[in-house]
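Working notes, beginning with the structure itself.
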Amino acid sequence: MKRHTRTFFRASLQVILAVCVSALLITAVQGLGNSGRRTLHVLSTNDVHGAWFDSSYVDGPLNTSLQNVSWYVDSIRCAEGEENVLLIDAGDCLQGDPAAFYFNYEDSLTPHLFARIAKYMKYDAVVLGNHDIETGHKVYDRMARLMSEAGVAFLAGNTPAAGGTPYFPEYKVFRRAGMKVLVLGYTNANIRNWLDEEKWSGMDFVSLVPLVQERVDALRRKTRPDVVIVAVHSGTGRGDGLVLEDQGMDLMNSLRGVDLVLCAHDHRQYTCANDSMALVNSGAKAAFLGHARIDSGGKGQGKRISAGLVRVGVDREDADMVSLFHPDFLKVKEFVNRKVGRLDVELRASDAYAGMSDYLNLIHSVQLRYSGADISFAAPLTLDGTVRAGDVLSLDLTTIYPFENRLYRIGLKGSQIKDYLEYSYDSWIGGSSSHILRMKPSEQSASGWRLEGNGFNFDSAAGIVYEVWPQKPFGRRIRIISMADGSEFRPDAVYSVAVNSYRGAGGGGLLEYGAGIPADELDAIVTERYPDVRDLVKEYFLEYGNVNSELVGNSAVIGRWSFEPASVREKIMTDKKLLFGEI
């Protein structure tokens with residue numbers, strides 16, 4: 001086993017679990033006997049999103065990362081025996097942090113850092129997530145080769161290419177704890193509805209139901225495993241079969257012949273079990289480590305399956321890992337501290353939920369500037385990210401725009417624009433008589449509250465002047481007054497509209513269910529495609545140098561909008577304080 005030089009906290013797995021495992025420990029029992037007992041420990045991460053270093057690139061608090069996770073993984077391997085442990089990641093590794101961006105796009109000569117980390121930590125399998133596909137062919141094709149060379153299974157079995165064979169491997173068989181373990185991996189089935197086809201050309205994405213059951217049945221006959229694990233980059237969901245991107249509980253409720261389901265995507269920490277299997281979702285950003293324990297009594301003796309979550313602490317790290325990858329950290333640190341411009345105003349994403357904001361005005365201004373469109377649609381892509389006034393660094397660009405989304409220009413009629421905005425604001429406002437924003441209590445949020453919907457689907461518009469009346473019924477909330485320059489806005493006219501590629505491909509359903517455009521017709525309304533929005537944000541700073549409220553808030557360009565009447569704005573500010581505190 002690697003790295004025996006460290007001596008801290010190695011005595012026993014029981015001590016680790018007593019301190020770290022969450023109170024929620026779920027167990028499934030299958031007639032366990034005592035003869036020939038064997039125990040397999042399945043450790044899991046998901047939605048790490050580039051959290052590879054626990055050190056901050058600038059002054060600030062430490063974050064949990066794989067350097068912390070590695071400490072816990074090694075401790076469990078040492079206590080239980082490496083031959084009894086599997087380590088699996090359920091996807092979204094390659095996006096979300098400057099380290100990922102740097103090794104995806106800036107430095108393609110050095111072997112990719114995540115492949116080296118996966119080899120070092122001895123990951124057995126990694127599933128591709130939608131944000132891994134979002135990086136594009138050059139990145140994930142290269143990663144597939146590097147992961148294969150590292151001996152790490154890189155799985156996404158629901159990606160049929162020409163001839164029907166999956167673009168990525170579907171499964172791998174391991175020998176652990178004296179048992180044959182079959183691990184199947186699948187990515188999110190809804191990817192084609194979010195990403196530009198250029199990102200995923202040469203493959204398709206198939207619903208996990210009924211595919212996974214069909215493949216489990218076939219591979220059980222072929223490999224005759226003792227244990228079957230299904231790892232999917234799909235959200236936990238409600239188990240009602242209605243949401244293509246969240247099929248975790250759909251699988252949990254329907255699969256037979258499977259012992260453990262690992263799911264991901266929605267960043268939701270969750271475990272559960274029925275009478276024959278367990279499900280684990282460890283959340284995101286390396287804050288928790290999933291830990292499932294499968295006890296087998298031997299042939300015909302049944303199994304006991306326990307599933308829990310280990311809270312990862314920033315105070316425990318793999319010192320050898322930190323040292324080994326420190327040169328890579330320094331490369332990323334140098335990159336993210338490059339100056340790209342200056343801000344004369346603080347950008348707060350949280351402001352965008354309560355009305356016009358400098359943060360979203362910047363995104364709108366960038367989209368209008370580089371697309372030449374009449375109107376822009378954009379949403380806050382971070383819940384409460386902040387970029388302070390002063391020098392803008394490369395690091396700040398990932399806070400302003402976290403995703404690798406291209407800029408699109410599409411054509412919409414004025415009536416479709418109005419209907420689009422009605423649909424967008426309906427997911428955002430009108431929650432109850434007590435709150436204007438759609439929000440609910442949350443034990444997982446530090447504030448005790450969270451938004452009901454996803455903020456990245458809360459589109460507002462620029463290029464027009466309009467009002468939003470939350471207390472009116474759906475369909476009558478949006479009043480469009482004019483174009484930004486004061487000219488008439490016409491429901492029957494066709495306008496050019498700037499959106500990101502996620503929205504243009506159907507993400508969030510705003511074009512389909514709001515504007516009423518069938519999903520199979522969305523590609524036909526795209527008139528132009530541009531570079532990634534984040535790259536254009538950088539170009540904007542380089543072009544203008546100093547960015548301030550007057551520049552990005554020029555009403556002659558972006559127009560204006562407001563919640564009405566004034567009493568509603570006061571209530572929304574109260575809601576905002578509940579969600580984000582005094583800001």
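Values below: all heavy atoms of this structure, side chains included; hydrogens, waters and symmetry mates excluded. Throughout, numbering of the chain's residues begins at 1 and tracks the sequence.
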At their closest point, which heavy atom of [X] faces which heavy atom of [Y], and how far apart are they?
| X | Y | answer |
| --- | --- | --- |
| G508 | N457 | CA-OD1, 3.4 Å |
| S234 | C263 | O-CB, 3.3 Å |
| F205 | A189 | CB-O, 3.7 Å |
| G50 | A99 | O-CB, 4.3 Å |
| L407 | S371 | CD2-CB, 3.9 Å |
| A373 | S496 | CA-OG, 3.3 Å |

Just checking [X] against [Y], ring centres under 6.0 Å apart?
| X | Y | answer |
| --- | --- | --- |
| W194 | F403 | no |
| H137 | W200 | no |
| Y466 | F489 | no |

Just grab all the salt bridge (charged side-chain N to carboxylate O under 4.0 Å, His left out) pairs involving [range], residues at least two apart or on different chains.
| range | answer |
| --- | --- |
| residues 236-249 | R238-D240 |
| residues 537-562 | R369-E543 |
| residues 506-515 | none |

Between [Y] and [X], do the side chains contain a donor N or O and an acceptor N or O under 3.5 Å apart?
| X | Y | result |
| --- | --- | --- |
| E564 | S562 | yes |
| D358 | S549 | yes |
| S460 | H364 | yes |
| H265 | D47 | no |
| H233 | N46 | no |
| Y105 | D535 | no |
| Q95 | T135 | no |
| Y167 | D204 | no |

Requested in this report: Cation-pi check, R529 to Y408: give yes when NZ or CZ is under 6.0 Å from the six-membered ring centre and within 45° of the ring axis, no otherwise.
Outcome: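 The answer is yes; both the distance and angle limits are met.
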Is the shortest side-chain heavy-atom distance between [X] and [Y] below 4.5 Å?
| X | Y | answer |
| --- | --- | --- |
| N130 | I133 | no |
| W449 | S442 | no |
| V48 | D89 | yes |
| P470 | Y425 | no |
| L395 | F335 | no |
| I517 | I525 | yes |
| I464 | S482 | no |
| I400 | T382 | no |

Just to verify, what does [X] make a side-chain hydrogen bond (donor to acceptor under 3.5 Å, both in side chains) with, not counting sequence neighbours?
| X | value |
| --- | --- |
| D132 | none |
| N548 | none |
| D459 | Y420, R503 |
| N253 | none |

Can you name the ring-ring contact (aromatic ring centres under 6.0 Å, His included) partners of [X], sequence neighbours left out?
| X | result |
| --- | --- |
| F168 | Y140 |
| H49 | H131, H267 |
| F541 | none |
| Y370 | none |

Query raised in the report: Just one of T271, N281, D250 clears the side chain to side chain donor-acceptor pair (under 3.5 Å) bar with T236, so which one?
Result: N281
**Report entry** Worked verdict on S394 versus V340 for side chain to side chain contact (heavy atoms under 4.5 Å, CB included)
**Finding:** CA-CA 6 Å; S394 291; V340 297; 3.8 Å; yes
**Report entry** From CG (D374) to CZ (R409), nearest 0.5 Å
**Finding:**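 If I round to the nearest 0.5 Å, the distance is 9.0 Å.
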Requested in this report: Kindly compute the distance separating OG (S56) from CG (N63), expressed to the nearest 0.5 Å.
Outcome: 7.0 Å
Taking 4.0 angstrom as the limit, do [X] and [Y] come out as a salt bridge?
| X | Y | result |
| --- | --- | --- |
| D532 | R534 | no |
| D196 | K199 | no |
| R406 | E198 | yes |
| E467 | R477 | no |
| D344 | R342 | yes |

**Report entry** Audit row: R348, D384, salt bridge (charged side-chain N to carboxylate O under 4.0 Å, His left out) steps and yes/no
**Finding:** CA-CA 7 Å; R348 296 183 297 268; D384 57 356; over 6 Å; no
Report task. Hey, can you tell me if Y540 and Y544 have their rings parallel, tilted or perpendicular (30° and 60° cut-offs)? Result ->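 Aromatic pair Y540/Y544 classed tilted.
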Requested in this report: Might you work through the side-chain hydrogen bond (donor to acceptor under 3.5 Å, both in side chains) test for S282 and Q269, ending with a clear yes or no?
Outcome: CA-CA 5 Å; S282 66; Q269 300 141 20; over 6 Å; no
Query raised in the report: Which residue pairs pass the ring pair (Phe, Tyr, Trp, His ring centres under 6.0 Å) test with at least one member in residues 515-536, sequence neighbours excluded?
Result: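 Qualifying pairs: none.
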Query - Whether over 12 other heavy atoms sit under 6.0 Å from R476 CZ - result: no
Query raised in the report: Is it true that atom CZ of F474 has more than 12 heavy atoms of other residues, nucleotides or ligands lying nearer than 6.0 Å?
Result: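 Count over threshold, so yes.
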Report task. Go through the steps for E346 and R388 under the test salt bridge (charged side-chain N to carboxylate O under 4.0 Å, His left out), then give the verdict. Result -> CA-CA 5 Å; E346 184 170 275; R388 301 193 182 281; 3.0 Å; yes
